Amino acid sequence: MRLTFNPATLKFRLTVLVIGLVLLATSVLTFVSLYLAERQMRDVIGSQQVALLSSAAAYIDADLEARQTLLKTLREELGRTDGKPDGGLQAFLEAHSGLRDEFFNVVLLDGGGTMLANMNDRRTNNTVNFGKRAYFTDTVAAREGVISRPFKSALSGKPVILITEPVYDADGKLVLMLGGAIDLQRPRFFGQLATLGSGATGYLFMLTSDGTVIHHPNKERILQRVQDEAGGVTPSTKAALGGFEGWVESPTKRGVRALITYKRLRKTDWIVGAVYPVEEAFTPLIRMRPTALLASVAVAALAGLAGWLAILRLLRPLGELRGHVAGMVDGTVGIDVFNVRRRDEFGELSRAFFTLSQQRQEAEIKLAAQARTDILTGIDNRRMFEETFAAALARAARADSVVALAYLDIDHFKAINDTYGHKGGDEVLVEFAKRLRAAVRSTDSVARLAGDEFVAIFEGVSNDAEPAILAGKILDMARTPFLCAGKQVQVTTSVGIAIGGGGASMEDYLALSDEALYAAKADGRNRFAIGRLDPALAQGARASVRAGR
Ligand SMILES: Nc1nc2c(ncn2[C@@H]2O[C@H](COP(=O)(O)OP(=O)(O)OP(=O)(O)O)[C@@H](O)[C@H]2O)c(=O)[nH]1
């Protein structure tokens, strides 16, 4: 198989097209697959994040509930003593050392909000009043425990939330209020939540429904309202504050594109959120991208190579066909080289070329024959005569045989034309040629040279008497009247014969036969004269002319 890189060839262009299309197809396929995989992965990760966050929310709810339950237990204990436990309130709190595990501080306020006891610093007892705090008034109004909004503790200065439990006496009068504080910067359950963040930099955060940050890896943001921060509230958080739960792909406040998931707690109106940077979420896919693209290019290259080889193979018959046609043009091969048995388009093309070539060959043969035929009479013309006579002379020279050339001219043909018209003259010429052809042997040649002039070539003349016999036959064939323009017309002819061997030239023969014809005409027409060429003489030599008949 010959490999060529000519950009003008069909092979080259088809190969480029195949490689280009395969490359395009694989690239598009790869990009679409990656895109779909990313979308699907995003949905899966989003759902995972929702599930993760739901369990985190459930965990926080359970944690808050456990702490509320703990405070309720204390409340019941206090209730049983009408808020006056043995040893006093401070001792009561200190006796429950397990509270330290659950709360940053536990305070006991009286019905007016004055702090009577606390776990952290007994010196502050009876020095502060929290009667105006929202958690106090909310608890009084609700007549049951609340989970406060986050606030800055007056005692510790830390951001905290407070879980309250009111203690009523038998008359239903508020005698005490228990308050368990949770340090938002070191909350036990949030600390555990921090480990739930996805990826290397993913994290969880928590807001109240009015946008106050309860938990965030950046501690400085705690107690800030997202609306008041630089950059304002992000669109996704805005939606979450408006009630949205679920996941979205959206930029964070720092401009990092992330899957952000929001979920509301059951026990409070807090919103817990999870941030998972997209780049980390899609790390496997992003890592896969160059490999996938490389693989698609490799596949395209292989497919292109295979396509190229297939094209070379498929188009081989075209190359052969082209070679055949070129061979025919320069004449090195014949039309039989075409593979006309193939069933495909190349076979059809070969067959079409074959038919075309056949037709051309036939036309050439026909043209060649026409070029050597006298149109009016259908016998040989001068050109054919010259070829035939030259060949006859060559044969005679080889065989050392005798050739006779008879030169005929219809007598007074002009008068026939004048009397019966040109058409009538033509009829005579046609009939004359027909009779001349019939009068000689099939191996002898007859031709019309021009007008009413005809010739006959006789090869292998064996004796001196033969030319006269042949001339006599020619004169005889004219004796029967000719039908000319519907009339019977008597026609005669004069014949001049030249006899010689293969050594004489065609010109010698023509000149001598013409001379003999002239002699026959001069002698009265309707007769023949024979001249013999002397081979010993140079061209143009004349022998004796004698009238026959
Ligand atoms: N009908 C017809 N006439 C032709 C054709 N070609 C030549 N002629 C005529 O044939 C005549 C030939 O006359 P010539 O051979 O010169 O003279 P002729 O009348 O035959 O007299 P002789 O040969 O001396 O007997 C001329 O009148 C030509 O015009 C042809 O194809 N058809």
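First listed ligand is number 1; within each ligand, the first listed atom is number 1. Note that the coordinates shown come from a computational prediction; the quantities given were computed from them, not determined experimentally. Just so you know, these numbers use all the heavy atoms, side chains as well, and skip hydrogens, waters and symmetry mates.
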Asker: If you round to the nearest 0.5 Å, how far is CZ of R437 from CZ of F454?
Answerer: 13.0 Å
Asker: Assess the side chains of S494 and D411: does a donor N or O sit below 3.5 Å from an acceptor N or O?
Answerer: yes
Asker: What orientation do F432 and F482 show, parallel under 30°, tilted 30 to 60°, or perpendicular over 60°?
Answerer: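 Correct class here is parallel.
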Asker: Atom CG in L533, atom CG in D508: separation rounded to 0.5 Å?
Answerer: 5.5 Å
Asker: Please list, in number order, the atoms of ligand 1 under 4.0 Å from a heavy atom of I410.
Answerer: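 Reading through ligand 1 atom by atom, the close ones are 20 (O), 23 (O), 25 (O).
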Asker: At what distance, to the nearest 0.5 angstrom, does CZ of F353 lie from CD of Q358?
Answerer: 14.5 Å
Asker: Strictly by modelled atom types, are T30 and S33 linked by a side-chain donor-acceptor pair under 3.5 Å?
Answerer: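 Checked: T30/S33 side chains show no N/O donor-acceptor pair below 3.5 Å.
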Asker: Could you tell me whether some N/O pair between K521 and ligand 1 is separated by less than 3.5 angstrom?
Answerer: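 Yes - when backbone and side-chain N and O of K521 are compared with those of ligand 1, one distance drops under 3.5 Å.
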Asker: Starting from atom 24 (O) of ligand 1, locate the nearest protein heavy atom and write down its residue, its atom name and how far away it is, to 0.1 Å.
Answerer: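 That would be R525 NH2, 2.8 Å.
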Asker: Tell me which protein heavy atom sits closest to atom 32 (N) of ligand 1, plus the residue, atom name and distance to 0.1 Å.
Answerer: D426 OD1, 2.8 Å
Asker: List every atom of ligand 1 that sits less than 4.0 Å from any heavy atom of D409, numbering the atoms from 1 in the order shown and giving each element.
Answerer: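 With D409 as reference, the close atoms of ligand 1 come out as 15 (O), 20 (O), 23 (O).
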Asker: Going from OH on Y420 to CD on E427, what distance comes out if it is rounded to the nearest 0.5 angstrom?
Answerer: 11.5 Å
Asker: Atom OG of S54 and atom CZ of R264: how far apart are they, to the nearest 0.5 Å?
Answerer: 14.0 Å
Asker: Using a plain distance cutoff, I'd like to know if A415 has any nitrogen or oxygen under 3.5 Å from a nitrogen or oxygen of ligand 1.
Answerer: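 So ligand 1 has no N or O lying under 3.5 Å from an N or O of A415.
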Asker: Mind running side-chain contact (heavy atoms from CB on, under 4.5 Å) on E431 and R435 for me, showing each step along the way?
Answerer: CA-CA 6 Å; E431 178 62 17; R435 291 188 191 180; 2.8 Å; yes
Asker: Nearest 0.5 Å please: distance from the CD1 atom of I410 over to the CD atom of E453.
Answerer: 10.0 Å
Asker: Answer yes or no for E453: is there a heavy-atom contact with ligand 1 below 4.0 Å?
Answerer: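 The answer is no, since E453 has no heavy atom less than 4.0 Å from ligand 1.
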Asker: Starting from the C-alpha separation in whole Å, work towards a yes-or-no answer on salt bridge (Lys or Arg N to Asp or Glu O under 4.0 Å) for R289 and E38.
Answerer: CA-CA 11 Å; R289 247 181 234 167; E38 277 180 16; 2.4 Å; yes
Asker: Using heavy-atom distances, let me know which of G424, G451, G425 sits nearest atom 6 (N) of ligand 1.
Answerer: G451
Asker: Closer than 4.0 Å to some heavy atom of L429 - which atoms of ligand 1 meet that?
Answerer: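 Close to L429: 2 (C), 30 (C), 31 (O), 32 (N).
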Asker: Of the backbone atoms (N, CA, C, O) and the side-chain heavy atoms from C-beta on, which set of R448 has a member under 4.0 Å from an atom of ligand 1: side chain, backbone, both, or neither?
Answerer: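 The answer is the side chain of R448.
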Asker: Under 4.0 Å, heavy atoms only, figure out whether ligand 1 is touched by the backbone of D452, its side chain, both or neither.
Answerer: side chain
Asker: Would you say F413 and ligand 1 have an N/O pair spaced under 3.5 Å apart?
Answerer: yes
Asker: Would you confirm whether any non-hydrogen atom of the protein falls under 4.0 Å from atom 3 (N) of ligand 1?
Answerer: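 So far as the 4.0 Å threshold goes, atom 3 (N) of ligand 1 is in reach of a protein heavy atom.
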Asker: Go through ligand 1 atom by atom and flag the ones less than 4.0 Å from a non-hydrogen atom of D411.
Answerer: 25 (O)
Asker: Once you restrict to heavy atoms under 4.0 Å, what part of V428 touches ligand 1? Side chain, backbone, both or neither.
Answerer: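 It is neither; nothing of V428 touches ligand 1.
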Asker: What protein heavy atom is closest to atom 27 (O) of ligand 1, reported as residue, atom name and distance in Å?
Answerer: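 Looking only at protein heavy atoms, the one closest to atom 27 (O) of ligand 1 is K414 CG, 3.4 Å.
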Asker: Looking only at protein heavy atoms, identify the closest one to atom 1 (N) of ligand 1 and say how far it is in Å.
Answerer: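 Going by distance alone, atom 1 (N) of ligand 1 is nearest to N417 OD1, 2.8 Å.
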